[in-house]
Amino acid sequence: MIKDLINPYLNIFDYRSKSSIKEFWTFYIASFLLTIVLSIVGKRIGVENLHYYLAALNFFPMLALGFRRMNDVGINKWLFLLPFAGVYLAALPAKGEQLK
């Protein structure tokens, strides 16, 4: 699981390979939860924009991870840029796999 959180930072410029559904959702959910925590902590310590720093730090790793996930699904990777469609399409199984 830790590998799934570190891998997007290590492969920040890899837009052509594939990533697993587990790797995508682990990073996505961890980033979301950490953003909420930083928002709350930032308000308490007087730095209300603290969660924006995390969003800026995660922008390119999430973009690369989303593109790799679209490659794994077999869909045009540029569709990941559509706000809600990208997250929905990332939830699809890999190309050639069946839903369980």
Side-chain angles (χ1 to χ4, degrees):
M1 184 168 152
I2 298 296
K3 180 183 169 190
D4 294 332
L5 296 174
I6 295 172
N7 227 11
Y9 294 107
L10 297 177
N11 297 322
I12 193 170
F13 298 112
D14 180 15
Y15 294 92
R16 295 179 185 223
S17 65
K18 297 179 180 181
S19 68
S20 68
I21 194 167
K22 179 183 175 249
E23 180 183 7
F24 177 82
W25 284 109
T26 301
F27 187 76
Y28 186 85
I29 291 171
S31 295
F32 180 74
L33 292 176
L34 192 56
T35 300
I36 291 172
V37 169
L38 286 180
S39 178
I40 293 168
V41 169
K43 287 181 182 179
R44 288 187 183 252
I45 64 172
V47 184
E48 294 188 14
N49 296 332
L50 192 58
H51 62 282
Y52 290 125
Y53 296 120
L54 178 68
L57 180 69
N58 284 342
F59 179 74
F60 287 109
M62 180 58 77
L63 184 67
L65 184 61
F67 277 22
R68 288 194 308 268
R69 182 70 199 129
M70 293 296 109
N71 289 336
D72 191 37
V73 173
I75 299 174
N76 185 352
K77 60 185 162 189
W78 293 102
L79 290 175
F80 183 72
L81 296 177
L82 298 175
F84 295 107
V87 175
Y88 169 74
L89 293 172
L92 295 175
K95 190 175 184 180
E97 288 184 10
Q98 298 292 324
L99 287 173
K100 294 180 182 180

For this session: Using a cut-off of 6.0 Å, state whether more than 12 heavy atoms not belonging to Tyr52 lie near its atom OH.
Result: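 Not buried by this count: 12 neighbours or fewer within 6.0 Å.
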
For this session: Check whether more than 12 heavy atoms from other residues, nucleotides or ligands sit under 6.0 Å from atom OH of Tyr28, and answer yes or no.
Result: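 Counting neighbours around OH of Tyr28, 12 or fewer heavy atoms of other residues, nucleotides or ligands fall under 6.0 Å, so no.
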
Roughly how far apart are [X] [atom1] and [Y] [atom2], rounded to 0.5 Å?
| X | Y | atom1 | atom2 | answer |
| --- | --- | --- | --- | --- |
| Leu50 | Ile45 | CG | CD1 | 5.5 Å |
| Leu10 | Lys3 | CG | NZ | 10.5 Å |
| Leu54 | Ile36 | CG | CD1 | 11.0 Å |
| Phe60 | Leu65 | CZ | CG | 14.5 Å |
| Met70 | Leu79 | CE | CG | 7.5 Å |
| Phe13 | Leu63 | CZ | CG | 11.0 Å |

For this session: Evaluate side-chain contact (heavy atoms from CB on, under 4.5 Å) for Asn58 paired with Leu34, printing each intermediate quantity in order.
Result: CA-CA 11 Å; Asn58 284 342; Leu34 192 56; 5.9 Å; no

So, for [X] and [Y], which heavy atoms are closest and what is the spacing to 0.1 Å?
| X | Y | answer |
| --- | --- | --- |
| Pro93 | Arg69 | C-NH2, 3.9 Å |
| Gly66 | Phe24 | CA-CE1, 4.0 Å |
| Tyr9 | Leu57 | CE2-O, 4.1 Å |
| Glu23 | Ser20 | N-OG, 3.0 Å |
| Arg68 | Ser17 | CD-OG, 3.2 Å |
| Ala64 | Tyr15 | CA-CE2, 3.5 Å |

For this session: Tell me whether Trp25 is reachable from Phe84 by hopping between hydrophobic residues (I, L, V, M, F, W, Y) whose side-chain heavy atoms are closer than 4.5 Å.
Result: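 Unlinked, Phe84 and Trp25 end up in two clusters.
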
Exercise. Okay, side chain of Thr35, backbone of Ser31: is any donor-acceptor separation there less than 3.5 Å?
Worked result: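 Side chain of Thr35 to backbone of Ser31, a donor-acceptor pair under 3.5 Å: yes, one is there.
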
For this session: Mind running side-chain contact (heavy atoms from CB on, under 4.5 Å) on Val73 and Ile21 for me, showing each step along the way?
Result: CA-CA 9 Å; Val73 173; Ile21 194 167; over 6 Å; no

Exercise. Passes side-chain contact (heavy atoms from CB on, under 4.5 Å), Leu38 versus Tyr53? Steps please.
Worked result: CA-CA 9 Å; Leu38 286 180; Tyr53 296 120; over 6 Å; no

